[in-house]
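Below is one structure; the comments refer to it alone.
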Amino acid sequence: MVDPALQMIAEGICELLGFGIAAINVVRGDELEVVAVHGFISGLNAHGQRETAEEILGTRWALSDLRDNLSRGENWGAWRFIPQERVNLHEGSWVSTTNMIDAADAWHPHDMLIAPILGDDGSIQGCLSVDMPVSGRRPDVTQQRVLNRFAKRAQRVIRGYLERERLYERAANLETAKEFLRDASSKLSLADVLDTSHDALIRGLGADGIWMATKGPHNEMIVHSTPGLDWDPDPGLASLTSRNTSRYWAEGTYSILCRERIPSSPEWAEQAAVADRFFETLGAESVLVVPVGADHEWLGHIVLLRAPGRPIWTDAEGRLAMELGRDFGRIVLTANAYTQERDLAHQLADADRERNQLIEAVARELRIPVNALGTSLNALSGEQPNTLPWIVQVETLTVRSAQIEGIVSDLLLLSRIRDPANAPGETTIEISEMLDDVLDELDPDAAQKDIECVLTTPTGPAYVVGDPRELRAAFLHLVKNALTYSYRGSRVQVMLYSAGSEVTIIVTDTGVGIDYEEQSEVYKPFYRGSNSALGGSRGAGLGLTLVDQITSRHHGLVELDSRPGEGTRVALTLPGA
C-alpha cells in the first residue's frame, strides 16, 4: 500500500513543478525500492519493454547504480542533474518515448534529475527522481531554486516515513515478544516463593524460625520472616550480613553463631551489640547463616533460628543447608524471571494501549491539514499559474505543509525522548545564548502580532549540562505558546536566573491564561485547552508535553501558574553546571 504522504509528494512534483513523472525510492539493504510514483505516460524499461508509471511501483534496482549516476551528475543543490551523455542506463532506468523539442536546452529522454535523501550520518536513505518536464526543456535557474525548496521539504517527509517504518517494526517485535509472555501472570512471585518455602525449610532443617533476605526482580532486597518474629531490620547489621554471605557464597561456606560468642567473632564483632539485640528480640540462642545463590551469582541469605534449650547448629546441618541454599537460589532466579516477564507483559500492554492512543491522536491531528492540502491541490489545478488565486492556494499549501512538518517533528522528538535507550546528550550549554537564538527565530511571529519579546538575565550567564536539541525545543515551545495565547500589542517576558546550583528560566505573558480545572491536564499529549489562540492557530497539543518530559530527562522541574484572562507564568528549573 502506498503511503499517502509520499504519494502526495510525487503528485505535487508533477502537478506543481511541471514534470510528467515523479518517483520516490527508499533503500532496502543494497537496493532501492520504488515506493511512490505519479505519472500517466508510458516509457521503456531497461529491457526495452513498455511500462506505465504505475507498473514500476514496487520494483527494485541496485543502490550502486544510484551512487554511480550521482557521481556523474552536476550539483544543483539538493538535486543532481545527469545529462544524457553521462548517464549510465541501469536496471532501474525508465526512458520516456515522447518526442524532443528542437531547442538547445531540450530535455533528452536519457537525462536524469535525482535528489538523494540522506540520513544524519550522510548515508543514502533513498532518492527523488523526476522526468519529462512539461515544457520539454531542462530546468532553468529559477526552476532549480523552486525544485530545491520542494526537495528539502520532501526529504523531511520521506525521512519521517522511514522513521515510522522503524517504529512499526519495533511495535511488531513487541507483539511477537508478548506471545511468549502470555502465561507469565500464572507463575509465582518471589513473595509467593518465600511464603510457600517457609514451612518446608522449617520442617526440613528443624528450625524454630527463619529470617530471609533475597534479591528481588529489580535487585531490591526482599525480606521474609516467620510470622510473629518482630524485628525491624538494622541497616548496619543487614549490610554486614550481605557482605559476609556474599563472601560465603564465593567460598562455598556458611556461619554458625551462638549468642555468647558473637563479641569474639572476627566476622560479626563490629555489629555485636545489634546482633545481640537481634538474638534477644527473636528469642534465639543459635543461628545458622547460609548464603543463597545460583551459579556465580549471590542472591541473599537465610538465617535459621533455634531457641534456647534446642541443640546448637552442626556442620552437617550447615552443609545440608548449603545445598538448600543452592536449590533455593535457582527458585529465586526463576521467580524473579517470572516476575520480570509479568512486569514486561504489563509494560507491553501499556505500551500497546499508548501506541493505539497515539496513532488515533496522530490521525486526528493530521486529518485537518491533510484534507486542507487535498482541497488546495484540487483548487490549484483549476487556477492559472502565477495568478492571485493560484498564489493564495500555493501559500495555503505552504502553511499546511509546515503545520504537518511541525507535528511530525514534534512526534519524532517525543518518540526519541520517550525511548529509554536514548539518553540525553551531555553538552555544557550557555542558556542566555540559546534563549537569544530562540527569540530570534520567533521574532517574525512576534512582529506579526506586534508583541514585544524581552529577555532579561539579572544574574548574568548561566550554564547547564544537557542535550542542546532537546532544551532548545523546550524553550521554543514555551515562548511559542506565550506568543500564541497573547494579545496583540502585549509583551512576553523571558527571564533567566542562576542561583546556587540551579538555573531557572521563566516565561511570562499577559494573555488569555488557562482555566484552573485544565491546568493539571496541559502536560498530556495532544491536550489543548478550551481557550482560543489569539491571532493564530493552536498547535497539536504537544508543546507542554515535550517541555515537561525534556525537563524531567534533565532532572529539572516545570512549574505553571496561570490565571484565566490575566496570563500565564511557566518556570523551568534545571541543575546548573
Check whether [X] reaches the backbone of [Y] with its side chain - one donor and one acceptor, N or O, closer than 3.5 Å.
{"X": "Lys449", "Y": "Ser486", "value": "yes"}
{"X": "Lys480", "Y": "Leu442", "value": "no"}
{"X": "Gln448", "Y": "Ala446", "value": "no"}
{"X": "Arg137", "Y": "Val134", "value": "no"}
{"X": "Asp111", "Y": "Trp107", "value": "no"}
{"X": "Arg86", "Y": "Arg72", "value": "yes"}
{"X": "His554", "Y": "Asp467", "value": "yes"}
{"X": "Asn148", "Y": "Ala78", "value": "yes"}
{"X": "Glu502", "Y": "Gly576", "value": "no"}
{"X": "Ser562", "Y": "Gly567", "value": "yes"}

Salt bridge (charged side-chain N to carboxylate O under 4.0 Å, His left out) contacts touching residues 422-440 (sequence neighbours left out) | Asp437-Arg472
What pairs meet the salt bridge (charged side-chain N to carboxylate O under 4.0 Å, His left out) rule with one or both residues in residues 450-464, with sequence neighbours excluded?
-> Glu452-Arg491
Of all the heavy-atom pairs spanning [X] and [Y], show the shortest one and how long it is.
{"X": "Thr568", "Y": "Val570", "answer": "CG2-CG2, 3.9 Å"}
{"X": "Ile550", "Y": "Ala473", "answer": "CD1-CB, 4.3 Å"}
{"X": "Leu572", "Y": "Ala474", "answer": "CD1-CB, 4.5 Å"}
{"X": "Leu128", "Y": "Ala151", "answer": "CD1-CA, 4.4 Å"}
{"X": "Glu74", "Y": "Pro83", "answer": "OE2-CG, 4.1 Å"}
{"X": "Phe19", "Y": "Pro139", "answer": "CZ-CG, 4.0 Å"}

Atom pair [atom1] ([X]) and [atom2] ([Y]), whose distance is rounded to the nearest 0.5 Å:
{"X": "Glu85", "Y": "His108", "atom1": "CD", "atom2": "NE2", "result": "9.0 Å"}
{"X": "Ile505", "Y": "Leu471", "atom1": "CD1", "atom2": "CG", "result": "8.0 Å"}
{"X": "Glu559", "Y": "Thr504", "atom1": "CD", "atom2": "OG1", "result": "8.0 Å"}
{"X": "Ile13", "Y": "Met8", "atom1": "CD1", "atom2": "CE", "result": "13.0 Å"}
{"X": "Cys453", "Y": "Leu439", "atom1": "SG", "atom2": "CG", "result": "5.5 Å"}

Given Gln493, which of Asp509, Thr456, Thr510, Thr508 fulfils the side chain to side chain donor-acceptor pair (under 3.5 Å) condition?
->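 So the option named by the test is Thr456.
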With a 4.5 Å cut-off on side-chain heavy atoms, are [Y] and [X] touching?
{"X": "Val37", "Y": "Ile24", "answer": "no"}
{"X": "Ser129", "Y": "Asn25", "answer": "yes"}
{"X": "Lys215", "Y": "Glu220", "answer": "no"}
{"X": "Trp61", "Y": "Glu31", "answer": "no"}
{"X": "Arg159", "Y": "Ile117", "answer": "yes"}
{"X": "Ile429", "Y": "Val465", "answer": "no"}
{"X": "Thr551", "Y": "Leu574", "answer": "yes"}
{"X": "Ile431", "Y": "Phe475", "answer": "yes"}

So, Asn69 and Asn88: side-chain donor and acceptor under 3.5 Å apart, yes or no?
->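 Side-chain D/A pair, Asn69 to Asn88: absent.
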Apply ring-ring contact (aromatic ring centres under 6.0 Å, His included) to Trp79 and list each qualifying residue two or more places apart in sequence or on a separate chain.
->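 ring-ring contact (aromatic ring centres under 6.0 Å, His included) check on Trp79 returns nothing, list empty.
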